[in-house]
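The structure presented is a predicted model; accordingly, all values stated were derived computationally and were not measured. Just follow the structure's listing: the first ligand is 1, and inside any ligand the first atom is 1.
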Amino acid sequence: MDKFIIRGGNPLVGTVHVSGAKNSALPCMAAAILTEEEVTLENIPQVRDIATERRLLASMGAAVELHEPVTPGDGFSAAPQNHTTISCRSLSDPVARYEIVKTMRASSLVLGALIARTGAARVAMPGGCAIGGRPIDQHIKGLEKMGAVIVQQHGYLEASAPRLRGAHIVFDRITVTGTEDLLMAAVLAEGETLLENCAREPEVVDLAGLLAAMGAKIQGAGTSMIRVQGVARLHGARYRINPDRIEAGTFLIAGAITGGDLIVANCNTEHLGAMIAKLSEAGARIDALGPDSVRVRGAAQLRSADISTEEYPGFPTDMQAQYMALATQAEGVSLVRENIFENRFMHVQELVRMGASIKVDGNTATVRGPARLSSAAVMCSDLRASASLVLAALVADGESVVDRVYHMDRGYERIEEKLRGVGAQIQRMGNVFAPRPEKPINQPA
Ligand code: EPZ
């Protein structure tokens with residue numbers, strides 16, 4: 001199990017390049033199911049969740065090819081231009097097996113597309129995960145309203161529908177992948193579908209952009225009301241995925257927390273509004289250098305500022321853990337309120353072990369700063385908590401060991417190369433301790 005060894009204290013200086021958005025790539029790869037023709041996606045981040053999605057599509061009979069560029073990236077310059085081609089000409093086995101789904105709950109994103117394309121789907125129910133129960137009742141309710149018959153048995157959703165029909169669906173609560181799942185179901189449904197109370201995240205807009213390039217008729221993506229005219233079939237397309245706004249935000253915090261002077265390039269500044277506003281309120285100096293790059297400089301002393309996570313365009317829940325690391329260095333008391341997930345404070349105890357002063361009461365964490373962080377051996381629990389611990393280790397005195405970084409590898413491409421490229425002292429280590437020989441089972445432990 002890989003670990004990061006990080007020696008804190010270096011201000012991050014230079015230019016770091018953002019990769020494509022994992023949470024755009026996942027629904028866009030699933031959208032390839034909707035056509036027999038080839039779909040080519042550019043700027044796909046090479047992270048674990050994408051590899052899982054490739055395995056999932058291949059397990060159903062799709063041909064998925066990753067075309068790496070000839071010149072491998074040096075880790076410091078812009079990400080090499082790769083592209084992925086996906087051909088779902090024949091989906092010999094439209095089943096999303098539990099062995100794969102249990103490693104990535106976003107696998108459930110194939111549900112709507114499989115029903116729309118093949119009239120049937122067998123998808124393992126995604127379990128909960130570290131940050132919450134994460135039900136998919138809204139996905140199921142919407143698909144049933146479009147005529148799908150869905151039975152839950154043996155841990156699987158068995159779905160069938162000769163042809164989905166357009167419907168008027170109002171989400172009981174805003175859901176990103178719920179909006180994406182039903183959007184993919186609606187584009188091939190008979191008639192018009194009206195989706196209300198939709199997620200407005202840029203990743204939804206990215207998916208709608210690909211679907212439109214494939215011939216879908218969609219209005220309103222990025223607003224809370226999306227109207228879809230079903231079409232008989234979709235054709236192949238080539239599409240470039242948007243930059244990852246959460247990776248960009250994570251680097252903005254890295255520049256601010258280390259008191260550095262960092263240019264975050266290859267991003268889309270339009271998607272960073274809430275994060276830039278909050279970091280400016282906390283005292284960081286932030287200058288947009290154009291539509292795709294932002295400069296962040298640390299402050300002599302960061303100031304406390306409260307956050308409350310909201311759906312887009314509010315402050316993203318996927319930035320809450322990273323912001324909390326910053327708040328430990330800010331003068332005063334910062335309230336961090338998590339409104340989206342019920343258990344997204346797993347990073348708190350690890351930050352406390354590094355010397356942070358944080359108290360949790362329900363969905364609110366009270367952070368008192370500035371706290372002098374000391375290096376420690378800490379453990380990642382989920383994707384964004386990992387980023388929080390790395391950020392804290394970048395300012396802690398001494399050498400920290402951040403364990404189980406496979407969580408971070410799910411959504412951050414070449415993260416240690418990118419950080420090293422702007423001055424961080426970070427190394428990836430394989431499991432340094434050889435596994436102990438198994439004791440014969442009949443011996444006392
Ligand atoms: C997406 O998850 C993202 N994942 C998450 O990013 C992100 O944290 C989340 O949206 C919120 O922005 C992908 O896009 C692959 P939701 P998703 O459905 O769609 C409840 C990361 O770090 N809900 O918007 O699963 C749910 O429990 C990941 O990259 C229902 O009750 O999140 C949650 O409390 C983590 N019923 C809230 O809605 C449903 O049917 C928002 O969840 C669906 C959701």
Cationic N near anionic O, under 4.0 Å, Glu416 to Arg428: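 Yes, charged N to carboxylate O under 4.0 Å.
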I'd like to know if Arg165 and Glu190 make a salt bridge, using a cut-off of under 4.0 Å between side-chain N and carboxylate O.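 Here Arg165 does not pair with Glu190 in a salt bridge, since their nearest N and O are not under 4.0 Å apart.
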Considering only non-hydrogen protein atoms, determine which one is nearest to atom 17 (P) of ligand 1 and report residue, atom name and distance to 0.1 Å.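 The answer is Thr177 OG1, 3.5 Å.
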What is the nearest protein non-hydrogen atom to atom 4 (N) of ligand 1, stated with its residue, atom name and distance?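 That would be Asn23 ND2, 3.6 Å.
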Within ligand 1, which atoms have a heavy atom of [X] less than 4.0 Å away?
| X | result |
| --- | --- |
| Thr317 | 8 (O), 11 (C), 12 (O) |
| Ile136 | 39 (C), 40 (O) |
| Gln138 | 36 (N), 39 (C), 40 (O) |
| His139 | 40 (O) |
| Arg344 | 8 (O), 22 (O), 35 (C) |
| Ala106 | 15 (C) |
| Arg105 | 25 (O) |

Given Arg173, Met104, Lys22, identify the one with the heavy atom nearest to atom 23 (N) of ligand 1.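 It is Arg173 whose heavy atom sits nearest to atom 23 (N) of ligand 1.
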Please confirm whether Ala199 approaches ligand 1 to less than 4.0 Å, judged on its heavy atoms.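 Heavy atoms of Ala199 never come under 4.0 Å of ligand 1.
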Quick check on Arg384 - does any of its heavy atoms sit under 4.0 Å from an atom of ligand 1?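 Judged by the 4.0 Å heavy-atom criterion, Arg384 does count as contacting ligand 1.
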Please work out whether any backbone atom (N, CA, C, O) or any side-chain heavy atom from C-beta onward of Glu310 is under 4.0 Å from ligand 1, and answer side chain, backbone, both or neither.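 Looking at Glu310 and ligand 1, no heavy atom falls under 4.0 Å.
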Consider side chain to side chain contact (heavy atoms under 4.5 Å, CB included). Of Asn82, Asp244, Ile50, which one does Pro45 pass it with?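 Going through the options one by one, the only one that passes is Ile50.
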Give me the atom names and distance for the closest heavy-atom approach of Pro243 to Asn266.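 Heavy atoms of Pro243 and Asn266 come nearest at CB-O, 3.1 Å.
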So, taking the atom named CZ in Arg117 and the one named CG in Leu91, what distance separates them when rounded to the nearest 0.5 Å?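 Answer rounded to 0.5 Å: 5.0 Å.
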Only one of Arg337, Arg344, Glu338, Gln320 clears side-chain hydrogen bond (donor to acceptor under 3.5 Å, both in side chains) with Thr309; which?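 Only one option passes, and that is Glu338.
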Any side-chain heavy-atom pair from Asp318 and Leu383 closer than 4.5 angstrom?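 No, every pair of side-chain atoms sits at 4.5 Å or beyond.
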Determine, step by step, whether Glu196 and His168 satisfy the side-chain hydrogen bond (donor to acceptor under 3.5 Å, both in side chains) criterion, reporting the C-alpha distance in whole Å, the side-chain angles of both residues, the deciding distance to 0.1 Å, and the verdict. CA-CA 8 Å; Glu196 288 198 76; His168 180 190; 2.4 Å; yes
Would you say Val176 has any N or O atom under 3.5 Å from an N or O of ligand 1, going by distance alone?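 Yes - when backbone and side-chain N and O of Val176 are compared with those of ligand 1, one distance drops under 3.5 Å.
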